[in-house]
Asks: 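This structure is in C-alpha cells; I'll ask about it shortly.
Order of the sequence lines sets the chain letters (A, B, ...), proteins ahead of strands, with each chain counted from 1.
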Amino acid sequence: MPENDNNPLEMRDAFGQTLVELGAAYPNMVMLDADLNTSSKAVYFKKAYPDRFIQVGIAEQNLFGISAGLALTGFIPFPSTFAVFAARRALDQIAISICYPNLNVKIPGSYVGVPTSRAGASHNCIEDIAVMRALPNMKVADAGDNADLRAIMHTAMKTEGPVYFRVTRYTLPVLFGPGHTFAWGKGELLREGADVTLFGTGLMTGKCMAAAEILAKDGIPAEVIHLASIKPIDRALIAQSVRKTGCAVTAENATIVGGFGAAVAEALGDVYPVPLRRIGVQDQWLNSGGVDALFELHKMQPPHIAAAARAAIQAKLSPEAMKGPGS
Amino acid sequence: MPENDNNPLEMRDAFGQTLVELGAAYPNMVMLDADLNTSSKAVYFKKAYPDRFIQVGIAEQNLFGISAGLALTGFIPFPSTFAVFAARRALDQIAISICYPNLNVKIPGSYVGVPTSRAGASHNCIEDIAVMRALPNMKVADAGDNADLRAIMHTAMKTEGPVYFRVTRYTLPVLFGPGHTFAWGKGELLREGADVTLFGTGLMTGKCMAAAEILAKDGIPAEVIHLASIKPIDRALIAQSVRKTGCAVTAENATIVGGFGAAVAEALGDVYPVPLRRIGVQDQWLNSGGVDALFELHKMQPPHIAAAARAAIQAKLSPEAMKGPGS
Amino acid sequence: MQPTQELSGYLEEMAYQIRRLSVEMITYGKWGHIGGSFSMAELLAVLYFHHMRIDPDAPKWEARDRLVLSKAHGSPALYAALALKGFYPIEAVYTYCELDGIEGHTDMTRTPGLESSGGPLGMGLSVAVGMALGLRFKENAVARVFCILGDGECNEGNVWEAAMSAAHYHLDNLIAIVDYNKVMAKGFVWDLMGIEPFAAKWRAFGWDVIEIDGHDIPAIVQALHEARWVRPAGRPIVIIAHTVKGRGVEMAEFNYKWHTQAPEPAVADRMLRELSRRYGRAEEGYSRLHEDDAKEAFYAGE
Amino acid sequence: MQPTQELSGYLEEMAYQIRRLSVEMITYGKWGHIGGSFSMAELLAVLYFHHMRIDPDAPKWEARDRLVLSKAHGSPALYAALALKGFYPIEAVYTYCELDGIEGHTDMTRTPGLESSGGPLGMGLSVAVGMALGLRFKENAVARVFCILGDGECNEGNVWEAAMSAAHYHLDNLIAIVDYNKVMAKGFVWDLMGIEPFAAKWRAFGWDVIEIDGHDIPAIVQALHEARWVRPAGRPIVIIAHTVKGRGVEMAEFNYKWHTQAPEPAVADRMLRELSRRYGRAEEGYSRLHEDDAKEAFYAGE
Ligand SMILES: Cc1ncc(C[n+]2csc(CCOP(=O)(O)OP(=O)(O)O)c2C)c(N)n1
Ligand SMILES: Cc1ncc(C[n+]2csc(CCOP(=O)(O)OP(=O)(O)O)c2C)c(N)n1
Ligand SMILES: [Mg+2]
Ligand SMILES: [Mg+2]
C-alpha cells in the first residue's frame with residue numbers, strides 16, 4: 001500500500017500502511033503493542049499479520065525487554081507505544097537491554113509534540129529527541145512528511161541496530177515526491193537562499209518552507225534544509241550552508257533543550273559557528289490546548305520562524321547585537 | 001560536620017556529611033534509599049536520623065513516586081540512588097510525579113561517569129545531564145569539589161522545586177575555599193586568560209585547571225570557567241568570556257551529546273558563536289576499566305583538553321581550518 | 001453502615017451529575033475518556049459526597065483525606081466531582097483541554113482539589129504511599145489516602161512496587177480502589193493482558209481485600225466504612241470494585257471503542273438523553289448542542 | 001531423577017571451581033560481588049554442566065537452551081561457568097573489569113556464551129519472556145529459556161510485568177530461578193523490603209512454583225528435570241532456590257558486607273584456603289597473591 005500523496009493521510013496512518021508493506025517484505029518482523037494499537041495505528045499490522053502481533057498490555061518496561069529477547073532470537077521487533085513512554089517510562093530497558101548490545105529493534109515514538117495537544121503535558125512528548133540522542137548506538141529520525149516517514153522506515157529495516165523514529169498524529173503537507181529516499185546522516189536542501197539557513201526536522205520543516213515564503217516577500221532569501229536524520233546529523237551540509245548564509249534557525253516539534261537545536265548547535269561549534277535561533281517548545285511543559293493555539297503559544301508558526309530568521313540575520317550583521325537575553 | 005579541605009574526602013563522603021548538616025537544619029528533610037545507602041553514603045543520614053530515613057528496596061520508580069507523596073505532605077525528600085537509575089529507570093516518575101507539579105524534591109545522582117569505572121557501561125552514568133536538562137522545571141548541577149557540592153546542596157534546600165545534582169565516587173582536588181557559595185545560573189571565573197576559554201563542570205573543572213597550566217607553559221593563556229550550574233547556565237559569563245577569547249572548550253564527565261557541551265553550544269549560538277571543542281565521553285558506552293585508563297581512553301585528561309584548546313584556537317584563527325571531521 | 005434512603009438518593013444524584021458533566025466536558029473539550037469516567041461515577045460520588053473528610057473552602061487543610069487518581073485519564077469524572085463539591089464553579093469544566101484551562105490529564109497546579117498530577121498509568125499508588133507515610137510521620141491517625149487505579153493499569157510494574165512497599169510499611173491508612181471495569185484501551189483485560197486471579201495478587205502482596213459491585217452505592221458506602229474503621233490491622237486495604245466500563249449509556253458499555261473518544265455534539269445529546277431516562281429524570285440533552293463551536297474537531301477519533 | 005554419585009561429585013567440583021574463579025577474578029579485577037556469586041554456584045553448576053543443552057563450540061546454535069542472568073552483578077560466577085564450560089580460556093577471567101576485558105556487569109558483545117547484557121536489576125525476565133516467545137514463534141518445542149533473578153531484585157516492578165505476561169502467554173518453556181539468598185545489597189530482604197509470601201506472589205501471577213534448597217545438587221537436578229519434563233502445563237515455572245548469600249566462606253555468609261567488595265589479596269587467599277578445606281580439597285590459596293599488582297585499589301570498599 002503506497003502512500004497517497006494527493007490526499008495526504010495523517011502520518012500515523014502512513015505509519016500503519018508502511019508497517020504492512022514492511023511486514024510483507026520481512027517475514028521476521030514482529031509488532032509489539034502496549035494497549036495503544038488503534039491510536040498508534042500499529043493496528044494495521046495487527047490486522048494484516050495477526051500471528052506476528054504481540055500485545056503486552058500496559059507495561060512499557062516489559063514491552064522493550066520482550067523486544068530485546070525477540071531480537072536475540074532473530075526477529076525484528078517494532079515495540080510501539082506513545083513517545084513519552086518510550087523515552088521516559090522504559091528508558092533503562094531501551095538503553096541497556098537494547099542499545100547497549102546494539103540489538104536490531106525499531107522503535108516508533110507515537111504522539112509527539114504539539115499535535116498530541118489536548119492530552120496535555122504528560123502525553124505531549126517534547127523530550128524524546130534529547131533523551132534518545134544521548135544513548136550510544138541509537139539512531140534518531142523525525143520525518144518531514146509521509147513519504148519521508150516511509151523512507152525512514154524502509155531504511156531503518158536495512159539498518160542493523162536500534163532506531164528511534166517519531167510518528168506524528170497529524171496531517172503534514174507534502175514535501176517529497178514518490179521516489180524519495182532516506183539515508184542516515186544525509187540532509188535535504190529544499191530551498192536555496194543566501195541570507196539565513198532554516199534547519200527543520202519533523203513537521204517543522206513544512207513550517208520552515210512557509211517561513212521562507214514570508215521572508216521572500218520581504219526580499220530575504222532563506223535556505224531551507226530538512227534534517228530528518230537527527231542522529232547522525234549531516235554536519236557537512238550544515239557547514240556548507242552556513243558558510244554561505246552566516247546564520248541559522250532550527251525548528252523542531254520538541255523542547256529546544258538538548259534536542260535537535262542542540263544537535264545543530266553542537267555541529268556549528270564543531271564546524272562553523274554562526275548565530276543560531278532555536279524554535280521549539282521553550283523549556284516549558286506542553287499543556288493541553290488546540291493544536292493551532294499551541295503552535296501559536298509556543299511561537300512555532302511560520303511567522304515566528306521568520307522573525308527568528310530576521311533576528312539571526314541581525315546578529316550576524318551586528319555582532320554587538322548578538323548579546324542574547326542572557327548577557 | 002564541615003568538610004575538611006586539607007584532607008579531602010571522597011565526594012560521596014562529603015555528600016553524606018552535608019546530608020547530616022542539612023538534616024539538622026531542616027527537620028522536614030527525609031532521606032529515601034533504594035538499597036544503596038552505604039555506597040551512595042546516604043548512610044550518614046540514616047545513622048544520624050534513623051526516623052527520617054526510608055528504605056524502599058530495589059524499586060526506583062516507587063522511590064521517586066513516594067518522594068512526590070512525601071513532598072505533597074510537606075517534607076523535603078532526598079530520594080537517593082545511582083544516577084543511571086534516576087535518569088533512566090525512573091524518568092517518567094521524576095518527570096510527571098515530581099517535575100510537572102514542580103515538587104520540592106532534591107535528587108542526588110550517585111556514581112556518575114568515569115570514576116564509577118569498573119562497574120561498567122550499565123552503571124557508569126553518562127546521559128543524566130542530557131536527560132535531566134530536558135525536563136522543564138528541573139535544575140541541574142555538577143560540583144567541582146566538595147565545598148562546591150556542599151554549597152550546591154545548601155542552595156538546593158533553599159530552592160523551591162526539583163533539583164538534580166551529581167555526586168561522584170571520587171576524591172577531587174580542592175578548588176574552592178571554605179566561604180564558597182553557589183547560586184543557580186552563576187559560573188565562577190577561576191583563571192583569566194585571553195586565548196581560549198575552558199568551560200568545565202563537575203570533576204572536569206579540575207582537569208581544565210591542569211590543562212590551563214599545560215597551555216601556560218606553551219605561552220597560551222587560557223581562561224577557566226567553572227559552571228557547576230548546568231541548568232540554568234550562566235549565559236552572561238559565557239558570552240563575556242568568549243567575546244574576549246574567541247573560542248572555547250567544554251569538559252564534562254558525561255556524554256558530549258546533549259549534555260553540558262550542548263548547553264554551552266546552545267548558549268554560544270544564542271549569544272556569541274565561537275569555535276567549540278567538546279571533551280567528554282564521545283557517544284560511546286563507558287565500559288569497565290580503571291579510572292585513569294578510562295580517562296585516557298576517552299581523551300578526558302588535561303593534555304587532551306589542552307590539545308582541544310589548541311584546535312579551538314586554530315579554528316578561530318583560520319576559519320577554513322574550521323571544517324571539522326564532518327565536513 | 002447501610003446508608004439511609006435519602007443519602008443513597010443524594011449519592012445517586014451525584015453519580016448522575018458526574019456522568020452528565022463528564023459528557024459535557026468531553027464533548028465541549030473534544031477529547032477525553034468516557035468509559036473510564038462512567039465506570040467510577042458511583043465510587044467518586046460516595047467518596048466526595050459522603051466518605052472523604054475534605055473541605056472545598058480549605059482545600060489544603062492539613063488533616064484532610066487525600067485522593068490520588070492514578071488512572072488520570074478518568075479526569076473528567078474527577079473534575080466533575082470537584083466542581084459539584086464546590087472546589088470551583090461548574091462553568092470551569094468547559095475549559096477542559098483548552099489553553100490555560102483544565103488539563104486533559106490531571107495537573108494539580110491548575111485545579112483546586114487535585115492532590116497530584118498524572119497521565120502515565122501506574123504511578124499514582126507510589127504517590128499515595130508517600131502521602132500515607134507522610135501522614136504517619138505527622139502522626140495523623142485519622143486522615144486516609146485513597147488511590148483509584150484502573151484494571152489495565154495494574155499491568156504496570158510500578159503498581160506492584162508500590163503495593164509491596166505499602167504492605168512493608170503497614171500502611172493501613174492507605175485505601176486503594178481498583179475500578180475493575182474489565183476493559184482497557186483497546187480491548188478486554190483478559191484478552192490483552194490477564195490479571196486474574198486478581199484478589200490473590202493483592203493478598204500475596206500483603207493487602208487486605210474487599211470486593212464489591214462498584215455501582216452499588218450502599219455497597220460502596222459499606223466498603224469504605226469497613227476499610228476505614230473495621231479492617232485496619234497493619235495491612236493496606238484494596239477495594240476491588242467490579243464495574244462496567246461506560247456504565248450509563250448503552251453504546252459505551254463494555255465497549256473499548258468509547259475508552260477514548262469525544263462524541264459529536266449530536267451523539268452527546270443522545271447519550272445524555274438516554275442517561276436521564278435511565279435515571280428516571282426528565283429528558284435532558286447536551287447543553288451546548290447548538291453553540292457554534294469553532295474548535296477543531298481534531299480529537300474526535302481515538 | 002536422582003543423579004549418580006559420580007555426577008553429583010562432578011557438579012560439586014564445578015560449583016567449587018565457580019566459587020574459586022569468582023574470588024580470583026574479583027580480587028584481581030578489584031571489583032565485584034562475592035555474595036551473590038557464591039549463592040548461585042550450585043545452580044550454575046547444574047545448569048551449565050548437566051542440564052542445559054548448549055555447545056561451547058557452537059555458541060549460537062539455534063536450538064540451544066538460553067540463560068539470562070537478570071541479577072547481572074553475579075557475573076563472576078557466570079563468567080567462571082562459561083570459562084569452565086569452554087566458551088573461552090580460563091585465563092580470560094583475569095581481564096574482568098579491565099579495559100577491553102570482560103565487563104563488570106554482563107556485556108554480551110564481549111563474552112561468548114552470554115545471552116544478554118545487563119546491570120540494572122529487574123530487566124532480565126522480560127528479555128527471557130521475549131526469547132521464550134521467539135522460540136515459540138519458531139516452533140522450537142525443546143529449547144528452554146532460564147532466567148536467574150535475585151530475591152531483592154524481585155522488588156522491581158519490571159519483574160512482575162514480565163511475570164504477568166509470561167503467564168498470559170502460557171510460556172512453559174520459560175523457567176525462572178530465584179536465588180533466594182535472603183540478603184540484598186545493604187541488609188536482609190525482610191528488613192529492607194519484605195517479599196513474603198513469595199511463592200504466593202508467583203502463584204498469584206500464574207506461575208507454577210517449585211521450592212528447593214539451592215545448594216543441594218541432587219535437589220537442583222531434580223527440580224530442573226521436573227520443570228523441563230514434568231510440570232509444563234501451560235504455566236511458566238519458577239524455582240525458588242533457598243540459598244545462603246556468600247555460601248562457601250564463613251565471613252561472607254548471610255553477610256551483606258560481602259555483597260559487593262573486592263577482597264585484599266591476603267583476604268582472598270584466606271577465603272580460598274577456607275573454601276578448599278570446606279570442600280575437603282588440598283589447601284590452595286589465591287593464585288596471584290604475590291603478583292605485583294599495579295592496579296589502583298579503588299573499588300576495594302563497597
Ligand atoms: C504508562 C501509560 N501507558 C499507556 C497509557 C495510555 N492509556 C491511557 S488510558 C489506557 C487504558 C487504561 O485502562 P484501564 O487502566 O483499565 O483504565 P479504565 O478502563 O478505567 O479507563 C491506556 C493504555 C498511559 N496513559 N500511561
Ligand atoms: C535497578 C537497579 N537498582 C540498583 C542496583 C544496584 N544493586 C546491585 S546488586 C543489588 C542488590 C541485589 O540484591 P539481590 O537481588 O538479592 O541479589 P543477590 O543477593 O543475589 O546479590 C543492588 C541494589 C542495580 N544493579 N539495579
Ligand atoms: Mg479498565
Ligand atoms: Mg539476595
Asks: Measure distances from A:Arg278 to the heavy atoms of chain B and classify the residue's part below 4.5 Å as side chain, backbone, both or neither.
Replies: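 Contact with chain B is through the side chain of A:Arg278 alone.
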Asks: Please check this pair: side chain of B:Arg88 against backbone of A:Gln93, looking for a donor-acceptor N/O pair closer than 3.5 Å.
Replies: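 Between the backbone of A:Gln93 and the side chain of B:Arg88 there is no qualifying donor-acceptor contact (under 3.5 Å).
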Asks: Given side chain to side chain contact (heavy atoms under 4.5 Å, CB included), test A:Leu91 with B:Val131 step by step and report yes or no.
Replies: CA-CA 10 Å; A:Leu91 185 59; B:Val131 164; 4.2 Å; yes
Asks: Do A:Trp285 and B:Ile96 have side-chain heavy atoms sitting under 4.5 Å apart?
Replies: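 A:Trp285 vs B:Ile96: side chains touch.
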Asks: Heavy-atom pairs under 4.5 Å with chain B are the metric here; pick the option from A:Asn137, A:Val281, A:Thr255, A:Val264 that has the most.
Replies: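 Maximum pair count with chain B is reached by A:Asn137.
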Asks: Output yes when a side-chain donor or acceptor of B:Glu266 lies under 3.5 Å from a complementary backbone atom of A:Gly258, and no otherwise.
Replies: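 Such a contact is found between B:Glu266 side chain and A:Gly258 backbone.
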Asks: For the CE atom of B:Met138 and the CG atom of A:Asp283, what is their distance to the nearest 0.5 Å?
Replies: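 Result: 11.5 Å between the selected atoms.
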Asks: Against chain A, label B:Glu60 side chain, backbone, both or neither, depending on which of its atoms sit under 4.5 Å from a heavy atom there.
Replies: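 For B:Glu60, neither part sits under 4.5 Å from chain A.
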Asks: For residues A:Ile126 and B:Pro136, determine if any side-chain heavy atom of one lies less than 4.5 Å from a side-chain heavy atom of the other.
Replies: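 Heavy-atom side-chain distance check passes, below 4.5 Å.
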Asks: Against chain B, label A:Ser122 side chain, backbone, both or neither, depending on which of its atoms sit under 4.5 Å from a heavy atom there.
Replies: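 A:Ser122 touches chain B through backbone and side-chain heavy atoms alike.
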Asks: Which atoms of A:Cys99 come close to chain B, meaning under 4.5 Å heavy atom to heavy atom: side chain ones, backbone ones, both, or neither?
Replies: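 Interface part for A:Cys99: both.
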Asks: Supply the atom-to-atom distance A:Glu127 CD to B:Leu135 CG, rounded to the nearest 0.5 angstrom.
Replies: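 So the gap between those two atoms works out to 6.5 Å.
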Asks: Identify the heavy atoms of A:Ala130 and B:Ala134 that sit nearest to each other, and give their distance.
Replies: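 Between these two residues, the closest heavy atoms are CB-CB, 3.9 Å.
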Asks: What part of A:Asn287 gets within 4.5 angstrom of chain B, counting heavy atoms only: side chain, backbone, both, or neither?
Replies: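 The side chain, not the backbone.
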Asks: Name the member of B:Gln284, B:Arg133, B:Gln282 that forms the most heavy-atom pairs with chain A at distances under 4.5 Å.
Replies: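 Of the candidates given, the most pairs with chain A belong to B:Arg133.
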Asks: Chain B heavy atoms under 4.5 Å from A:Ala87: which part of the residue, side chain, backbone, both or neither?
Replies: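 Answer is backbone: N, CA, C or O of A:Ala87 sit under 4.5 Å from chain B.
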